[in-house]
Amino acid sequence: MEEQQTPFQAAIKPGLTMGLVALAVTYIAYFIDSSLLASGWFALISLVIFFGLIIYFGQQYRNEIGGYMTFGTAFNFSFIAILMSGLVSLAGQILLFQVIDPSLPQVLADITFENSIKMLESFGQNPDALPAGTLEEMRKNTSSTFTLAGQIKNFGFALILYAIIALILAAILKKRDKSLDY
């Protein structure tokens, strides 16, 4: 009889796969036009792919363990898969931003800053009317997110988001065996 994998063991391969898919999408966008990496559309498409993959892998795991999965098992599977995916993505982005194209972080920071200014203007805010130093502080904060330290710090904050996403996915993936009800 084959021994069943724990949610932690089962989540490693899907997590690595999701991370590699995320890297492939990122690198394809980079080679097409690096400014796509700062696009809201790119983020949305990446998110749809990500959710589709994690739900697919979660359903696959649920079927492997008999067609039913508790909320806790679904959460553990989802969180570990997302964590693995995040680690692979982080490593690939560090490689892209620090080794392959060290000028890319500044390009993306400039695009992101310009998009922020456009958003302020679309809400009727005049960026020149902001308190002195606010725009420079915004530019500095935007630039710092693309540094090595900024990427690692953002990954730390992302862990909280990963947990929230895993909770949502656990609610989607769980399936109770109703035959056990009395």
Any idea which heavy atoms bring Phe8 and Ile80 closest together, and the distance?
CD2-CG1, 3.2 Å
For Thr70 and Thr73, does a side-chain donor sit closer than 3.5 Å to a side-chain acceptor?
yes
At what distance, to the nearest 0.5 angstrom, does OG of Ser116 lie from CD1 of Ile111?
12.0 Å
Test side-chain contact (heavy atoms from CB on, under 4.5 Å) on Phe146 and Thr112 and set out the steps.
CA-CA 11 Å; Phe146 295 102; Thr112 303; 4.1 Å; yes
Distance check, rounded to the nearest 0.5 Å: Leu148 atom CG versus Ile94 atom CD1?
5.0 Å
Rounded to the nearest 0.5 angstrom, the CG-OG distance for Leu108 and Ser143 is 10.5 Å
Beyond-backbone contact of Leu104 with Leu37, side-chain heavy atoms, under 4.5 angstrom:
yes
Within a strict 4.5 Å, meaning less than it, do heavy atoms of the Leu159 and Leu83 side chains meet?
yes
Do Val88 and Met84 come within less than 4.5 Å of each other through their side chains, counting heavy atoms only?
no
With the 4.5 Å side-chain cut-off for hydrophobic clustering, are Ile54 and Leu16 part of the same group?
yes
Pairwise side-chain contact, Phe57 with Met18, heavy-atom cut-off 4.5 Å (strictly under)
yes
Check: Phe42 and Val25 side chains under 4.5 Å, non-hydrogen atoms:
yes
According to a hydrophobic-cluster definition based on side-chain heavy atoms being under 4.5 Å apart (Ile, Leu, Val, Met, Phe, Trp, Tyr only), do Ile152 and Val99 belong together?
yes
Please determine whether residues Phe31 and Leu23 belong to a single hydrophobic cluster, defined as Ile, Leu, Val, Met, Phe, Trp and Tyr linked transitively by side-chain heavy-atom distances below 4.5 Å.
yes
Residues Arg62 and Lys174: closest non-hydrogen pair is NH1-O, 4.1 Å
State the CE-CG distance between Met69 and Leu173, to the nearest 0.5 angstrom.
5.0 Å
Does a side-chain heavy-atom distance below 4.5 Å link Phe97 with Thr147?
no
CE of Met119 to CD of Glu114, rounded to nearest 0.5 Å, is 13.5 Å
Does Leu161 belong to the same Ile/Leu/Val/Met/Phe/Trp/Tyr cluster as Phe157, with side-chain heavy atoms less than 4.5 Å apart forming each link?
no
Under 30°, 30 to 60°, or over 60°: which ring-plane class applies to Tyr61 and Phe77, parallel, tilted or perpendicular?
parallel
Does Tyr56 OH have over 12 foreign heavy atoms under 6.0 Å away?
no
Taking all non-hydrogen atoms of both residues into account, name the closest pair between Ser89 and Ala22 and its distance.
OG-CB, 3.6 Å
Derivation and outcome, side-chain contact (heavy atoms from CB on, under 4.5 Å), residues Phe79 and Ile165:
CA-CA 8 Å; Phe79 184 73; Ile165 292 171; over 6 Å; no
Consider only side-chain N and O atoms of Gln59 and Asn63, and report whether a donor and an acceptor are under 3.5 Å apart.
no
Step by step, work out the side-chain contact (heavy atoms from CB on, under 4.5 Å) result for Phe155 and Tyr162.
CA-CA 10 Å; Phe155 182 76; Tyr162 292 169; 3.8 Å; yes
Under 4.5 Å between any side-chain heavy atoms of Thr6 and Gln9, yes or no?
yes
Do Val21 and Phe50 have side-chain heavy atoms sitting under 4.5 Å apart?
no
Indicate the ring-plane relationship of Tyr30 and Tyr27, choosing parallel, tilted or perpendicular according to the 30° and 60° boundaries.
perpendicular
Let's go through Asp110 and Arg139 carefully: what are the C-alpha distance in whole Å and the side-chain angles of both, what is the deciding distance for side-chain contact (heavy atoms from CB on, under 4.5 Å) to 0.1 Å, and is it a yes or a no?
CA-CA 8 Å; Asp110 290 343; Arg139 182 180 293 280; 3.5 Å; yes
Search all heavy atoms of Ser78 against all heavy atoms of Ala170 and return the closest pair with its distance.
OG-N, 4.3 Å
One should read off an interatomic distance between Thr142 OG1 and Glu137 CD, to the nearest 0.5 angstrom, of 9.5 Å
